[in-house]
Amino acid sequence: MAGHTFAHTFTGARGPPRARPQEPHPPYPYISEDVSYQSGGITVAGTLTRPDTAAPVPAVVLVTGSGPQDRNEELAGHRPFLLLADSLTRAGYAVLRTDDRGVGGTGGNLNQADYADLSADIEAGLGYLRGRPEVDPGGIGLFGHSEGGYLAPLVAARPSNGIAFVMLMAAPAITGTDIVLEQGTRAFGAAGATPEQVDAHRAFLTDWTAALRAGQLTKAARLSETYNRALPAELRAASESLTAANTPYMAALVSYDPAPALSALRMPVLAFYGSKDAQVTADPNVDTMRTLLAGNPDAEVPVFDGLNHLMQPAYTGLPSEYESIETTIDPVVLDTVTVWLGERIPAG
């Protein structure tokens, strides 16, 4: 992935930092510390927040959406992971949130990483938490947003990781290729393309993702460069925001099928969506997620009416309005997450 192009269409556009009504500020009623640990040959940096108590507590590892995200998942002037960590820690849980590869204090290059690398980074965080005496090693779970909703189940489905619970926010339940086809054609239409141009764009995206899945990154780059150069200026930007990224990371994303991991989950799972999400749409992801989790005796898949991909109260649900909405995460969602978790993995 070049820059944060796919983050524009998958997890939302970035914006300058600004104060939001829900944003927590120190002094916090809990302990917050910068931490780091090794994952293979790189250092992962992040923040661990935990209650000021002597007893070991359950913990949540937050997994960011696509593109180069910092530990707060800062985008469109919001810091949703800072707010989630604050809410969960106030409820009695330790929370680990980290910078992605190549962001902040974390080494490596996200563009060159595949899902084996990224799942190993999450597993390194699990190992770090299990080495902390303040954390209950049997009570560690994962919270994944957007593409983090691919990676969290992938890690949780491995029995050796001993994951106690999984929470998924706007998680794709369809393949990465299908997500790209849906998002790409929707963005193209929103940019003013005619129905014929949208059909041609979908055909191009089909060829482009096939090249990526085959590991033919040079071919994919050539396809996208040739196609984008021929587009009218008003459509070129909509296409390039997605298809300029011809990297191992993008190849991993479009190659991923979440069905095997989701179907294997047997720990408690909460997978929630917003009805106005324009990036990971409720249709078909909600029904697909419910089908894939049908074998899990404790899985819930609620849909929050009127909320977007960030769980903000939305008008259109399009990423272009994320920054103009003052709410970072609807309080009903924060309450749902803490109540659901408290009923299954009590903090005290």
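For reference, positions follow the sequence shown, starting with 1. Because only heavy atoms are used, hydrogens play no part in the values below, and waters and symmetry mates are left out as well, while side chains stay in.
D330 places no side-chain N or O within donor-acceptor distance of the main-chain N or O of T327, the cut-off being under 3.5 Å. Looking only at distances, no side-chain donor or acceptor of E300 sits under 3.5 Å from a matching main-chain atom of L270. Between the N285 side chain and the P172 main chain, no donor and acceptor come within less than 3.5 Å of each other. Side chain of T89 to main chain of D86: no donor-acceptor pair is present (N/O by atom type, distance under 3.5 Å, no hydrogens or angles). No donor-acceptor pair closer than 3.5 Å links the side chain of Y322 to the backbone N or O of N308. A distance-only check finds a donor-acceptor pair linking the side chain of Q22 to the backbone of T328 [under 3.5 Å]. In terms of modelled atom types and a separation under 3.5 Å, the side chain of T281 and the main chain of D283 share a donor-acceptor contact. Looking at T185, its side chain does come within 3.5 Å of a backbone N or O of E182 through a donor-acceptor pair.
Note that CG of L253 is 12.0 Å distant from CG of D114, once rounded to the nearest 0.5 Å. In this structure, R20 CZ and I329 CD1 are separated by 12.5 Å, a value rounded to the nearest 0.5 Å. The distance from the OH atom of Y93 to the CZ atom of F143 is 13.5 Å, given to the nearest 0.5 Å. Atoms OG1 and CZ, on T106 and R71 in that order, are 7.0 Å from each other to the nearest 0.5 Å. With rounding to the nearest 0.5 angstrom, the CG atom of L293 is 9.0 Å from the CZ atom of R266. Atom CD of E234 sits about 9.0 Å away from atom CZ of R236, to the nearest 0.5 Å.
In this structure, V254 and R213 approach most closely via the heavy-atom pair O-CD, 3.6 Å. Listed here is the closest heavy atom pair of E147 and G67: OE1-N, 4.4 Å. Between A193 and V198 the shortest heavy-atom distance is CB-CG2, 3.8 Å. Between Y256 and A261, the shortest heavy-atom distance links the atoms OH-CB, 3.7 Å. Shown here for L212 and A251, the closest heavy-atom pair between the two residues is O-CB, 3.6 Å. Counting all heavy atoms, side chain and backbone alike, P51 lies closest to A94 at CD-N, 4.0 Å.
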Given T47 and E33, is the side-chain hydrogen bond (donor to acceptor under 3.5 Å, both in side chains) satisfied, shown in steps? CA-CA 6 Å; T47 299; E33 59 179 305; over 6 Å; no
Evaluate side-chain hydrogen bond (donor to acceptor under 3.5 Å, both in side chains) for N228 paired with T243, printing each intermediate quantity in order. CA-CA 9 Å; N228 290 331; T243 62; 3.0 Å; yes
Let me see the working for T175 and D257 under side-chain hydrogen bond (donor to acceptor under 3.5 Å, both in side chains), right down to the final yes or no. CA-CA 5 Å; T175 68; D257 179 359; over 6 Å; no
Going through the distances and angles, do R101 and N109 end up as a side-chain hydrogen bond (donor to acceptor under 3.5 Å, both in side chains)? CA-CA 5 Å; R101 289 187 172 218; N109 182 342; over 6 Å; no
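Taking the six-membered ring for Trp and thresholds of 30 and 60 degrees, H145 and H309 have ring planes inclined between 30 and 60 degrees apart. A tilted orientation is assigned to the rings of H201 and F204, their planes being inclined by 30° to 60°.
By the 4.5 Å heavy-atom criterion applied to side chains, V95 and L84 are not counted as neighbours.
Atom OH of Y315 has 12 or fewer neighbouring heavy atoms from other residues, nucleotides or ligands inside a 6.0 Å radius.
Residues Q312 and H78 have side chains that bring a donor and an acceptor to within less than 3.5 angstrom of each other.
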